Amino acid sequence: MEHVHLFVFTFLLSFIILPTVSAHLRQNYYHRTCPNVESIVRSAVTKKFQQTFVTASGTLRLFFHDCFVRGCDASVLLTSPESMAEKDSPDDISLAGDGFDTVIKAKAAVDLDPMCRNKVSCADILAMATRDVVALTGGPSYAVELGRLDGRISTKASVKHNLPNPTFNLDQLNSMFAFKGLTQTDMIALSGAHTIGFSHCGKFSKRIYNFQRGRAVDPTLNATYSRQLMQMCPRIVDPRIAINMDPITPQLFDNVYYKNLQQGKGLFTSDQSLFTDLRSRATVNLFAANSTAFQQAFVVAITKLGRVGVKTGNEGEIRRDCSAVN
Ligand code: HEM
Ligand SMILES: *[C@@H]1O[C@H](CO)[C@@H](O)[C@H](O)[C@H]1NC(C)=O
Ligand SMILES: *[C@@H]1O[C@H](CO)[C@@H](O)[C@H](O)[C@H]1NC(C)=O
């Protein structure tokens, strides 16, 4: 019952706070060309989610990495025979294959409908799939804006300076997000995505074994938690081991991420700094105390994320195969 309330609430919210029409995007963009696109995508995503949970975390992270590098244009999905595409960069090599597979499956389902074939962009399919995985894991349901075109360029080199590093402090996070038009509050809300999914040990092992001269462990880490991390991630880091980022409810899109930060259980420096730094602590405390406030802020922020660098007109195309330009 509470869930239904929340759904209706966040759904209404997305009409009130956000303008229904942004620069280029709008809701129901495909109502003439492919009226059932949202339900087709939702069915394909739900089916894959039932097979594997990583569908959710993999797709959500994929959307973020797509939008921050060259805008939300599915450039992250392009492959290059010389391994020089975005997906070949060190920051994207750990993107879960199930995220890519989710888009491929949803695209195949859309193209099965003769009316829809090659009418819906891969960038929009990724945006819809992201909305669906957030809802499937217990997060807010929101109306998704559509109308993105797919880009024709994807380079390994463009990734490095456009994605945040897990060692970032608040100033570094803020400046990178501000560059994409996102506020500190947006950044904190979007970081809540780390309430689901995994991280490989190597992304944070410095915090537990080699923090700084004379201090092996990051003092902002909860001592109980750092011992658990050491058990799960031995000193000789096995690059294949991945652990839950939210140790309490790893498969739920909830506000426990922020409660964890209050207890020193943020996995990355970038997570924990949101609480350690007094300029962002009040927002963390708000989201920890009030899950509705978190959900509202997340819907606002992911909608803004979905508008970053959107391509229209002759800047892009509707790809026939999401992994290759037409
Ligand atoms: C704020 C700065 C951020 C940093 C520094 C960061 C960094 C990372 C790192 C290092 C990982 C682990 C990757 C691995 O070892 O495989 C990760 C995972 C993940 N990130 Fe972020 N991230 C940030 C923001 C975001 C945002 C804005 C989103 C989405 C809205 C997001 C969604 C995810 C998800 C869902 C995973 C889990 C992926 C999986 O289970 O396959 N992250 N992030
Ligand atoms: C550290 O975590 C434990 C439980 O895992 C919790 O009881 C304790 O309050 C936390 N410590 C701090 C300083 O938040
Ligand atoms: C939680 O946040 C929502 C949305 O901002 C607000 O309407 C509500 O009053 C807050 N609840 C509490 C208990 O503060």
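Whatever order the structure lists ligands and atoms in, that order sets their numbers, starting from 1. Keep in mind the model is a prediction, meaning the values are calculated, not measured.
By the 6.0 Å contact criterion, CZ on Arg279 is enclosed, its count of non-hydrogen atoms from other residues, nucleotides or ligands being greater than 12. By the 6.0 Å contact criterion, CD1 on Ile93 is enclosed, its count of non-hydrogen atoms from other residues, nucleotides or ligands being greater than 12.
Using a 4.0 Å cut-off between heavy atoms, Ile302 makes no contact with ligand 1 at all. With a 4.0 Å heavy-atom cut-off, ligand 1 is reached by the side chain of Ser270 but not by its N, CA, C or O. Contacts between His200 and ligand 1, counted as non-hydrogen atom pairs separated by less than 4.0 Å, involve both the backbone and the side chain.
The nearest heavy-atom contact from the protein to atom 41 (O) of ligand 1 is Ala96 CB, 3.8 Å.
The Ser199 neighbourhood of ligand 1 comprises atoms 12 (C), 14 (C), 15 (O), with distances under 4.0 Å to a heavy atom of that residue. Atom numbering of ligand 1 starts at 1 in the shown order; those under 4.0 Å from a heavy atom of Asn165 are 5 (C). In the vicinity of Ala293, heavy-atom distances shorter than 4.0 Å reach the ligand 3 atoms 2 (O). Residue Gln296 approaches ligand 3 through these ligand atoms, each under 4.0 Å from one of its heavy atoms: 4 (C), 5 (O). Near Ser94, meaning under 4.0 Å from any of its heavy atoms, are these atoms of ligand 1: 13 (C), 14 (C), 16 (O). Close approach of ligand 1 to Leu173 is summarised as follows: ligand atoms under 4.0 Å from at least one heavy atom of the residue are 1 (C), 2 (C).
Taking Tyr209 as the reference, nothing meets the side-chain hydrogen bond (donor to acceptor under 3.5 Å, both in side chains) condition, with sequence neighbours excluded. The side-chain hydrogen bond (donor to acceptor under 3.5 Å, both in side chains) search around Arg319 returns none, not counting sequence neighbours.
For a threshold of 3.5 Å applied to N or O pairs, the pair formed by Phe198 and ligand 1 contains at least one separation below that value. Ligand 3 has a nitrogen or oxygen under 3.5 angstrom from a nitrogen or oxygen of Asn290. Below 3.5 Å of separation, one finds an N or O of Ser57 facing an N or O of ligand 1.
Separation of the Phe68 and Phe179 ring centroids does not fall under the 6.0 Å cut-off.
Ligand 1 has at least one atom lying under 4.0 Å from a heavy atom of Phe268. Remark: distances from the non-hydrogen atoms of Phe177 to ligand 1 include one below 4.0 Å.
Of the possible polar contacts, one joining the Asp186 side chain to the Thr183 backbone as a donor-acceptor pair under 3.5 Å is found. Side-chain N or O atoms of Asn326 include one that pairs as donor or acceptor with a backbone N or O of Ile318 at under 3.5 Å. Side-chain atoms of Ser83 do not come within 3.5 Å of backbone N or O of Asp88 as any donor-acceptor pair.
Using a 30° and 60° split on the angle between ring planes, Phe268 and Phe204 fall in the tilted class, from 30° to 60°.
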Exercise. Hey, mind stepping through Lys87 and Asp92 against salt bridge (Lys or Arg N to Asp or Glu O under 4.0 Å) and telling me if it holds?
Worked result: CA-CA 5 Å; Lys87 73 198 291 278; Asp92 279 353; over 6 Å; no

For this session: Take Ser39 and Asn36, measure what side chain to side chain donor-acceptor pair (under 3.5 Å) needs, and give me the verdict at the end.
Result: CA-CA 6 Å; Ser39 65; Asn36 296 327; 4.7 Å; no

Exercise. Is there a ring pair (Phe, Tyr, Trp, His ring centres under 6.0 Å) between Phe298 and Phe253 once you walk through the steps?
Worked result: CA-CA 11 Å; Phe298 184 83; Phe253 194 98; 4.8 Å; yes

For this session: Evaluate side chain to side chain contact (heavy atoms under 4.5 Å, CB included) for Asn118 paired with Asp111, printing each intermediate quantity in order.
Result: CA-CA 6 Å; Asn118 302 325; Asp111 285 351; 3.7 Å; yes

For this session: With side chain to side chain contact (heavy atoms under 4.5 Å, CB included) as the test, would you mind laying out the steps for His194 and Leu267 before giving the verdict?
Result: CA-CA 9 Å; His194 289 174; Leu267 189 56; over 6 Å; no

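Tally of protein N, O or S atoms closer to atom 21 (Fe) of ligand 1 than 2.8 Å: 1.
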Ligand 2: protein N/O within less than 3.5 Å of ligand N/O:
{"unit_1": "ligand 2", "atom_1": "2 (O)", "unit_2": "Asn222", "atom_2": "OD1", "d": "3.2"}
{"unit_1": "ligand 2", "atom_1": "2 (O)", "unit_2": "Asn222", "atom_2": "ND2", "d": "2.4"}
{"unit_1": "ligand 2", "atom_1": "5 (O)", "unit_2": "Lys265", "atom_2": "NZ", "d": "2.9"}
{"unit_1": "ligand 2", "atom_1": "11 (N)", "unit_2": "Asn222", "atom_2": "ND2", "d": "2.8"}

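A 4.5 Å side-chain heavy-atom check between Ser121 and Tyr30 finds at least one atom pair inside the cut-off.
Val54 and Val41 sit in two unconnected hydrophobic clusters of ILVMFWY residues. Membership requires side-chain heavy atoms under 4.5 Å apart, directly or through other members.
Checked against Ser75 for a side chain to side chain donor-acceptor pair (under 3.5 Å), the options His65, Arg70, Glu86, Lys311 give a single hit: Glu86.
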